[in-house]
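Only one structure is covered here, and it is reproduced in the block below.
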Amino acid sequence: MGFRDRMAKSGGSKSLGKRHNQGTKSTGGGRFPTIFNKDKVPEGVEFWKCKEGEHIVDIIPFEAGPDMPFDERLQPVTEEGNLDYVLDLFVHTNVGEMLKPYVCPHENFGEPCPICEFMKANKLDKDDWKNLVAKHRVVYFLWVHDNREEERKGIQIHEASHFFMEANIEAIAKLPKGGGFVKFSDPDSGRSLAWTRKGASMTNTTHLGHRLVERDSPIPNKILDLTFPLDSIVNMHPDYAEIEKEFRGTLKKMKLLDEPDGPGDAEDNPWADDESTDIDDSGFGDDKEEDTPTPPKRKRPADRTKPSGSDGTTVKRKRRKR
Ligand SMILES: [Zn+2]
């Protein structure tokens, strides 16, 4: 059974509408360390990089797998088998000597995260906080129409900052007077998305002019049938001990590791102007997008400043088998 048939059977259009109206909460890849398990990506599916210039794409929905991030009720933002159009994630970037990105266990699943715990336990200045806080990232399937060559590639995976993609899309998809959102990813009644990227440098780039454009025709089955659960190709549950081990490298680099008297002395620690502020986001292999330190928009499981597991109140959920 093809995607469209399964979609009709499960009332997929309805659940997709619900997802569009619900909005997103907030996530990277290349030769660099990445959140993606590249060997789980089907052969022929490429990662799309947004170059400078004009773009027109279709955002292609997918059936959620068993590892979608949780909402504030600690339930999957989209139940397995239902449709979604975005994998909305919080990611700690540039962790340790290898500058690895990790999907944050706390922000995405309400589980203990050594980095979030450190942030809670220590008084950090703005730059350090910005370096350590989990960044809001988004992953999509795109059918890119920039030219014939891109079009022939079928679906491509695109990972971007929430700030440059989803926030702009949400703004233009919102209907007036509480009318919900345009179901732009609907295979039948959706819209293409057009925008322009200006500036190719890591530090000076902007994405602008986002608009929804009528499609010439519905999304063909051969495109829909290429999709798979996006959560199945991301390392959604990195191991606490591994993050902690790598994070020690970050702390060493930031000269935060050997605090003799513990967190209480954070105020007089001397690292305010240390080189740690130079850590950038290049671990994503893309550009240095605007990973603002602004608290994320999506309501997250539990209080984001509260270290999970420290007071025994954190709801533990059984991890489902993948
Ligand atoms: Zn975290």
Side-chain angles (χ1 to χ4, degrees), residues 26-40 47 67 69 87 89-137 139 159-162 202-203 233-260 262-263 266 269-293 296 300 304-305 307-310 319:
S26 181
T27 202
R31 296 185 304 284
F32 305 88
T34 166
I35 57 169
F36 294 102
N37 288 324
K38 292 285 176 68
D39 51 355
K40 291 193 176 167
F47 285 79
D67 287 311
L87 180 60
L89 294 173
F90 285 87
V91 179
H92 292 291
T93 58
N94 299 320
V95 181
E97 297 297 329
M98 294 305 292
L99 305 178
K100 289 184 181 173
Y102 288 104
V103 170
C104 171
H106 179 61
E107 295 289 346
N108 297 287
F109 295 102
E111 290 178 2
C113 167
I115 302 176
C116 289
E117 285 167 5
F118 178 86
M119 292 180 70
K120 171 69 178 172
N122 292 275
K123 197 171 175 182
L124 300 172
D125 73 19
K126 198 179 161 190
D127 286 337
D128 288 321
W129 187 85
K130 190 178 169 180
N131 281 336
L132 296 182
V133 72
K135 313 295 190 298
H136 200 171
R137 307 295 294 185
V139 187
E159 185 270 331
S161 81
H162 183 275
M202 301 242 301
T203 50
I233 57 163
V234 170
N235 182 11
M236 295 295 285
H237 300 285
D239 182 57
Y240 183 99
E242 183 190 330
I243 303 173
E244 193 176 36
K245 183 168 163 261
E246 292 294 331
F247 185 50
R248 290 180 72 84
T250 304
L251 293 177
K252 209 170 142 190
K253 193 170 174 181
M254 294 171 78
K255 302 192 176 77
L256 291 171
L257 188 59
D258 300 307
E259 283 182 292
N269 81 43
W271 35 264
D273 52 356
D274 107 346
E275 62 185 1
S276 63
T277 51
D278 292 330
I279 295 176
D280 68 22
D281 213 13
S282 55
F284 283 105
D286 196 11
D287 40 31
K288 184 187 174 81
E289 295 184 344
E290 190 63 24
D291 285 318
T292 66
R300 277 299 170 176
R304 70 191 312 274
T305 60
S308 296
S310 60
R319 181 161 308 165

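Quick caveat: nothing in here was measured; it's all calculated off a predicted structure. Below, each value reflects all heavy atoms present in this structure, side chains not excepted, and no hydrogens, waters or symmetry copies.
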For this session: Mind running side chain to side chain contact (heavy atoms under 4.5 Å, CB included) on His92 and Phe247 for me, showing each step along the way?
Result: CA-CA 10 Å; His92 292 291; Phe247 185 50; over 6 Å; no

For this session: Say whether, by atom type as modelled, one donor and one acceptor occur between the side chain of Asn122 and the main chain of Leu124 under 3.5 angstrom.
Result: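 It does not hold such a pair.
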
Exercise. Looking only at atom types and distance, does a side-chain atom of Lys123 sit under 3.5 Å from a main-chain N or O of Met119, one as donor and one as acceptor?
Worked result: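 Such a contact is absent between Lys123 side chain and Met119 backbone.
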
List the atom of [X], the atom of [Y], and the distance in Å for their closest heavy-atom pair.
| X | Y | value |
| --- | --- | --- |
| Glu97 | Glu246 | N-OE1, 4.4 Å |
| Ala134 | Cys104 | CB-CB, 4.0 Å |
| Pro238 | Val103 | CG-O, 3.2 Å |

Exercise. With a 3.5 Å cut-off and no angle check, do the side chains of Glu111 and Tyr240 form a donor-acceptor pair?
Worked result: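 Side chains of Glu111 and Tyr240: no pair found under 3.5 Å.
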
Problem set entry | Member of Asn235, Val91, Leu87 meeting the side chain to side chain contact (heavy atoms under 4.5 Å, CB included) criterion with Ile35 |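 Testing each of Asn235, Val91, Leu87 against Ile35, the sole residue satisfying side chain to side chain contact (heavy atoms under 4.5 Å, CB included) is Val91.
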
Point-to-point distance, once rounded to the nearest 0.5 Å, from [atom1] of [X] to [atom2] of [Y]:
| X | Y | atom1 | atom2 | result |
| --- | --- | --- | --- | --- |
| Lys255 | Lys253 | NZ | NZ | 10.5 Å |
| Asp125 | Asn131 | CG | CG | 9.0 Å |
| Phe90 | His162 | CZ | NE2 | 7.5 Å |
| Leu132 | Met254 | CG | CE | 4.0 Å |
| Phe118 | Leu251 | CZ | CG | 4.5 Å |
| Asn108 | Asp67 | CG | CG | 11.0 Å |

Exercise. Does any non-hydrogen side-chain atom of Pro105 lie less than 4.5 Å from one of Pro112?
Worked result: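 No, their side chains stay 4.5 Å or more apart.
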
Exercise. When the aromatic ring centroids of Phe36 and Phe47 are compared, is their separation below 6.0 Å?
Worked result: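 Yes, ring centres under 6.0 Å apart.
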
